[in-house]
Number of protein chains: 2
Amino acid sequence: MTEIEKTLQNKSVRPTAMRILIYKYMASKNTAVALTDIENAFDKAERTTLYRTLKTFEEKGLVHQIDDGTNISKFALCEPGCNCEIDQDLHLHFHCGNCDKTVCLTEHKIPHINLPQGYVAEDANLVIKGICDSCSQH
Amino acid sequence: MTEIEKTLQNKSVRPTAMRILIYKYMASKNTAVALTDIENAFDKAERTTLYRTLKTFEEKGLVHQIDDGTNISKFALCEPGCNCEIDQDLHLHFHCGNCDKTVCLTEHKIPHINLPQGYVAEDANLVIKGICDSCSQH
DNA sequence: AACATCAGTGCAACAGAAGTGCATTTAGTG
DNA sequence: CACTAAATGCACTTCTGTTGCACTGATGTT
Ligand SMILES: [Mn+2]
Ligand SMILES: [Mn+2]
Ligand SMILES: [Zn+2]
Ligand SMILES: [Zn+2]
């Protein structure tokens, strides 16, 4: 059994051929991916399957969904020590307006915010938009 | 000339009947509104007109667009001293998971974030999700 | 091995929001 | 009033996300 198969099984996700392919694809990229990205990467793939695979991955804590402000849902693999399931890993995300790539800044946590009386925070999303390191070098 | 007409003209927006209605509607609500909200408020209104009106309002700095993570664009009137046009008024937004309302927390600015080497920040979006003051009282 | 069972997949269709092209109306200007 | 440009209305398209249902393939049991 490969490393990836073990990873999936550890999270109670049956390691089917398609799922392994998708996981491998996401692991190979250092940016968040959209459903369409995966669809284009494997032109044999069925949209619905990818959609439901990502849902499953998310529910089981293998990936987390990212709203980067483009109105297109992105997904990224959770890091080994990630606590996305319980909303405890509130790292921020960066979206590059030049190359349109979105990355996790896993080390950068969202600072605590004091809210007005009566407001109860349960989750937070912080996206910084600008120019990424690759694009700013050129 | 009414106060609203003056406000529109100050921002080089011709105060047509429809625009005044929309502005009034937004001023009457203390939450951000979606295109559909306005559409439902005036059942005589044409989607495209509302859409383009909001675009115009945004370009001229009368309103700012809000991405609250629901994948539905919301809009809110800019406060008198708001500098949205030049991305200088980075206040945060709160989205209530109970009543689904989104509000501007104009007094709460997004804290400055130190980014990794090479990343250039130009804009930021911070949304806190949870229970709003109205909902937490009941 | 045959069977029952259920998760996973493929296909089709739908929903909602966003956006565009073009004709028509409306409002400002001389 | 006549002219012009902006604003509006209508139709249509695109894109993402989502669901229903039938089929397939793996798993586990007798
Ligand atoms: Mn992330
Ligand atoms: Mn706001
Ligand atoms: Zn970039
Ligand atoms: Zn609420």
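Values below: all heavy atoms of this structure, side chains included; hydrogens, waters and symmetry mates excluded. Below, read A as the first sequence line, B as the second, and so on, with proteins coming before strands; counting in each chain starts at 1.
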Open item on the list: Any base atoms under 4.0 Å from A/T56, or only sugar-phosphate, or nothing? Heavy atoms, all strands.
Closed with: nothing
- [ ] Starting from P on C/dT9, measure out to CD1 on A/I38 and report it in whole angstrom.
- [x] 13 Å
TODO: Let me know which of B/H108, B/H64, B/E107, B/K109 forms a side-chain hydrogen bond (donor to acceptor under 3.5 Å, both in side chains) with B/H91.
DONE: B/H64
Open item on the list: Tell me whether the side-chain N/O atoms of B/T36 come closer than 4.0 Å to OP1 or OP2 in C/dA17.
Closed with: yes
TODO: Return the value, rounded to whole Å, for the distance between atom CD1 of A/I72 and atom P of C/dG19.
DONE: 11 Å
Open item on the list: Under 4.0 Å from OP1 or OP2 of C/dG19: is there any side-chain N or O of B/T48 that close?
Closed with: no
TODO: Report whether A/I66 and A/I110 are members of the same hydrophobic cluster (ILVMFWY, side-chain heavy atoms less than 4.5 Å apart, transitive linking).
DONE: no
Task: Nearest-angstrom distance from the residue atom CG of B/D67 to C1' of C/dA18 - done: 14 Å
Task: Donor-acceptor pair between A/H93 and A/H95 side chains, under 3.5 angstrom - done: no
Open item on the list: Taking the six-membered ring for Trp, are B/Y119 and A/F94 closer than 6.0 Å centroid to centroid?
Closed with: yes
Open item on the list: Using only modelled atom types and a 3.5 angstrom limit, is any donor from either the side chain of B/R47 or the base of C/dG19 paired with an acceptor on the other?
Closed with: no
Open item on the list: Does A/R52 reach a base, just sugar-phosphate, or nothing at all? Heavy atoms under 4.0 Å.
Closed with: base
TODO: Map B/S73 and B/P15 onto DNA chain C by nearest heavy atom, then report which one ends up closer to the 5' terminus.
DONE: B/S73
TODO: Determine the sole option in B/L77, B/T7, B/I22 for which the side chain to side chain contact (heavy atoms under 4.5 Å, CB included) test with B/L62 is passed.
DONE: B/T7
- [ ] Starting at NZ of B/K11, measure out to SG of B/C78 and round the result to the nearest 0.5 Å.
- [x] 7.0 Å
Open item on the list: Of the options C/dC11, C/dA18, C/dG21, whose atoms approach the side-chain atoms of A/E46 most closely?
Closed with: C/dC11
Task: Integer-rounded Å distance: C/dA27 P and B/R19 CZ - done: 12 Å
Open item on the list: Reading DNA chain D in the 5' to 3' direction, which nucleotide is the first one with an atom under 4.0 Å from a heavy atom of chain A, and which is the last?
Closed with: D/dT16 to D/dC21
